[in-house]
Participant: 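To start, I am sharing the structure in question, which I have written as C-alpha cells.
Just so it is clear: chains get the letters A, B, ... in the order the sequence lines come, proteins before strands, and each one is counted from 1. Note that these values count all heavy atoms, side chains included, but never hydrogens, waters or copies made by symmetry. This structure is a prediction, so every number in the text was calculated from the model and none was measured.
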Amino acid sequence: MPELPEVETVVRGLRPSLIGQTIRGAVLPAVLEQRSRRMLNVAAEELNAAVSDQPILAVERRAKYILLHLQEAVVAVHLKMTGRLYILPTGEVADSDRYLRITFPLAGGQELRFSDARRFGRVYVGASIDRLLPILGPEPLDDAFTVEALRAQLANRHGVLKALLLDQSFVAGIGNIYADESLHIAGIHPKRAADSLSDGEIEQLHGAIRQALNDGIKWQGASIRWYRQVDGTKGQSQDHFRVYHDPRSEKDKRCPVCDTPIVTIRVGQRGTHFCPICQPAL
DNA sequence: CGGACAACCTGGCGGC
DNA sequence: TGCCGCCAGGTTGTCC
C-alpha cells in the first residue's frame with residue numbers, strides 16, 4: 001500500500017509518541033507464530049529478545065521502510081499493501097486489531113501495534129542498519145537528489161520510464177500512485193524510454209517527482225483502501241489526484257489541466273493512468 | 001539489462 | 001441478497 005508520503009506520514013505520527021519510550025517486548029498471537037515466519041527475518045523469540053527493554057532513540061524513514069532505532073537494535077517495518085502501525089493504551093481495542101500481527105508493549109502503559117490483513121508486511125530486526133535493507137536508490141526529497149544525479153542515472157537505461165520509477169534501487173519511495181502523478185506533472189508519457197528524455201524533460205521530471213511526493217505528504221497520504229495514519233484517520237491525498245483513480249468506480253476522471261478523459265493502460269503489469277493530451281506518446 | 005509472469009495473501013467491490 | 005471473478009498502494013524470484 002503505502003508509498004513514500006504515506007510512510008513519511010506514519011513516521012511523523014509515531015515519532016512524538018515513541019521517542020523516549022521503552023519497548024517491553026514483541027508479542028505475536030500464538031496461532032500466528034507459525035504462519036508469521038515470512039513476516040520476520042528472525043524467530044519470534046529472537047525479535048522479542050532483541051527489543052525487550054530497549055529505549056527508542058529515533059524513528060526514521062528510509063524508502064518505504066519505517067526504522068525504529070533502539071539502543072542496541074534497529075527494527076525495520078515495511079507495510080507493503082495493507083500494513084498499519086498504531087499506538088493505543090494497553091488493552092484498548094481498535095478496528096485494525098482484526099488483523100493484528102505483532103504487539104509491542106511500551107513501558108508507559110501504551111502499545112505499538114502492527115496489523116496487516118494481507119500479510120505481505122515485513123518486520124526485520126538487526127543489531128544495526130547494515131545489511132538489514134535491500135539495495136535502495138537515492139531519497140528523492142534529499143538535497144543529494146539533484147537534476148544532475150537523475151540525469152546520470154537515466155543515461156543508458158533503455159527500459160520503460162515508469163517501470164524505472166517504480167524500481168526501488170533506482171529511486172526510493174515512489175509507488176504506482178505517485179509514479180503516475182509525477183509523470184502527469186512532468187507532462188511525460190509513462191511508456192517513454194528512460195534514455196529518451198531531453199534535458200528539459202529530465203528537469204521537469206525531477207521537479208515533478210518532488211512536487212508529487214511533497215503534495216502527498218502535505219495531504220497526509222492517500223487512503224484509497226487500507227492506509228491509515230497512526231491515529232487511525234484517513235489521509236486526504238486521494239482527493240487531490242491528478243490522474244490516478246480506480247476506473248471501475250470512477251468512470252469519468254478528467255485531466256485537471258485540459259479536461260480530457262484520463263486513459264488507463266497497463267505498463268509493466270501495473271494499472272497506469274495518464275492524460276493523452278498533456279502526456280503525448282513519442 | 002529488460003520484460004513477462006507467477007507468487008506471496010486476503011479483502012472489497014463491481015457485476016450479474 | 002448472494003456469489004463470482006477481478007483488482008489492489010509492493011517486492012522478489014524465475015525464465016526467456
Side-chain angles (χ1 to χ4, degrees), chain A residues 1-10 32 34-41 61-66 76-85 95-101 114-124 132-137 153-182 190-196 212-213 215-217 219-229 234-241 243-252 264-273:
Chain A
M1 109 200 222
E3 309 181 22
L4 186 153
E6 289 73 32
V7 177
E8 179 65 28
T9 302
V10 169
L32 280 169
Q34 281 300 103
R35 301 183 67 184
S36 297
R37 243 189 267 278
R38 242 184 292 269
M39 177 174 73
L40 307 176
N41 66 331
R61 179 190 59 75
R62 171 69 173 116
K64 298 173 189 169
Y65 290 88
I66 295 150
V77 179
H78 197 304
L79 303 174
K80 290 288 176 88
M81 306 284 260
T82 56
R84 289 179 184 173
L85 282 172
D95 289 347
S96 300
D97 296 341
R98 183 172 168 196
Y99 307 108
L100 186 63
R101 307 300 177 205
F114 174 63
S115 85
D116 182 17
R118 220 168 146 184
R119 285 203 282 202
F120 284 1
R122 297 289 180 262
V123 176
Y124 301 145
L132 201 58
L133 307 182
I135 293 171
L136 296 165
Q153 278 187 268
L154 283 169
N156 305 316
R157 295 301 297 256
H158 232 290
V160 171
L161 179 58
K162 182 183 170 183
L164 204 53
L165 294 181
L166 294 175
D167 180 345
Q168 300 301 296
S169 67
F170 182 78
V171 191
I174 301 173
N176 202 40
I177 291 174
Y178 295 100
D180 282 359
E181 295 293 296
S182 297
K191 293 192 83 166
R192 287 279 299 280
D195 60 0
S196 75
L213 296 174
D215 283 353
I217 294 170
W219 297 115
Q220 300 171 295
S223 290
I224 301 232
R225 291 186 170 75
W226 291 90
Y227 164 74
R228 293 293 183 274
Q229 299 182 60
K234 295 184 176 184
Q236 302 90 49
S237 183
Q238 69 281 358
D239 299 332
H240 303 274
F241 288 157
V243 291
Y244 186 88
H245 68 294
D246 181 348
R248 293 193 301 172
S249 52
E250 197 177 345
K251 298 182 195 302
D252 191 39
T264 296
I265 59 174
R266 303 218 41 107
V267 177
Q269 290 83 240
R270 310 298 302 276
T272 298
H273 319 275

Participant: Round to the nearest Å and state the distance from A:Arg37 atom CZ to B:dC8 atom C1'.
Facilitator: 16 Å
Participant: Does atom CG (A:Asp95) have a neighbourhood of more than 12 heavy atoms from anything else shown, all under 6.0 Å?
Facilitator: no
Participant: Is there side-chain contact between A:Ile177 and A:Ile224, with at least one heavy-atom pair below 4.5 Å?
Facilitator: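 Answer yes - side chains close enough.
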Participant: For A:Ile224, answer base if it contacts any base atom (sugar-phosphate contacts may also be present), sugar-phosphate if it contacts only those atoms, and nothing otherwise; contact means non-hydrogen atoms under 4.0 Å.
Facilitator: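 The residue A:Ile224 makes base contact.
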Participant: Do the ring planes of A:Trp219 and A:His240 sit parallel (below 30°), tilted (30 to 60°) or perpendicular (above 60°)?
Facilitator: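 Taking A:His240 first and then A:Trp219, their aromatic rings lie parallel (interplane angle under 30°).
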Participant: Is A:Gln269 near enough to B:dG3 that one of its side-chain N or O atoms lies under 4.0 angstrom from OP1 or OP2?
Facilitator: no
Participant: To the nearest angstrom, how far is A:Tyr178 atom OH from C:dA8 atom C1'?
Facilitator: 16 Å
Participant: Under 3.5 Å, is there a donor-acceptor pair linking the side chains of A:Ser237 and A:Tyr178?
Facilitator: yes
Participant: Select from A:Pro134 and A:Ser223 the residue whose nearest nucleotide in DNA chain C is closer to the 5' end of that strand.
Facilitator: A:Ser223
Participant: I'd like to check, for A:Phe120, whether its ring lies over the base of C:dT11 with centroids under 5.5 Å apart and a plane angle smaller than 30°.
Facilitator: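 A stacking contact does not exist, since A:Phe120 is not both close and nearly parallel to the base ring of C:dT11.
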Participant: Can you check side chain to side chain contact (heavy atoms under 4.5 Å, CB included) on A:Trp226 and A:Arg118, steps first, answer last?
Facilitator: CA-CA 10 Å; A:Trp226 291 90; A:Arg118 220 168 146 184; over 6 Å; no
Participant: Using the P atom as the reference point in each nucleotide, state the distance between C:dC3 and B:dC8 in Å, no decimals.
Facilitator: 27 Å
Participant: Once you round it to whole Å, what is the distance between C1' of C:dA8 and CD of A:Glu6?
Facilitator: 14 Å
Participant: Which base sits across from B:dG12 as a Watson-Crick or G-U pair, both distances under 3.5 Å?
Facilitator: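 Looking at the geometry, B:dG12 pairs with C:dC6.
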Participant: Taking the nucleotide of DNA chain B with the nearest heavy atom to each, does A:Ser249 or A:Ala117 sit closer to the 5' end?
Facilitator: A:Ala117
Participant: Quick one: is A:Arg122 getting a side-chain N or O under 4.0 Å of the C:dT11 phosphate, OP1 or OP2?
Facilitator: no
Participant: Write down the distance between CG (A:Asp195) and P (B:dG2), rounded to a whole number of angstrom.
Facilitator: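 Checked: the CG to P distance equals 9 Å.
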Participant: A:Lys80 NZ to B:dT10 C1': how many Å, rounded?
Facilitator: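 Going from NZ in A:Lys80 over to C1' in B:dT10 covers 15 Å.
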Participant: Take the protein atom CD of A:Glu250 and the nucleotide atom P of B:dC13, then report the distance between them rounded to whole Å.
Facilitator: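 So the two atoms are 15 Å apart, to the nearest Å.
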Participant: Taking atom P in both B:dC9 and C:dG5, what distance in whole Å separates the two?
Facilitator: 22 Å
Participant: Please pick, from B:dG11, C:dG10, C:dG5, the nucleotide with the shortest atom-to-atom distance to any side-chain atom of A:Arg248.
Facilitator: C:dG5
Participant: Please give, in whole Å, the distance from B:dC8 C1' to A:Met81 CE?
Facilitator: 11 Å
Participant: Need to verify one output field. Residue with the more 5' nearest nucleotide on DNA chain B, A:Arg38 or A:Ala163?
Facilitator: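 Upstream on the strand: A:Ala163.
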Participant: Under 4.0 Å from OP1 or OP2 of C:dT11: is there any side-chain N or O of A:Lys64 that close?
Facilitator: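 For C:dT11, OP1 or OP2 has a side-chain N or O of A:Lys64 closer than 4.0 Å.
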Participant: Using whole Å, report how far CG of A:Asp116 lies from P of B:dC8.
Facilitator: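 Atom-to-atom, A:Asp116 to B:dC8, this comes out as 16 Å.
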Participant: Can you check whether any acceptor in the base of B:dC9 is under 3.5 Å from a donor in the side chain of A:Arg118, or vice versa?
Facilitator: yes
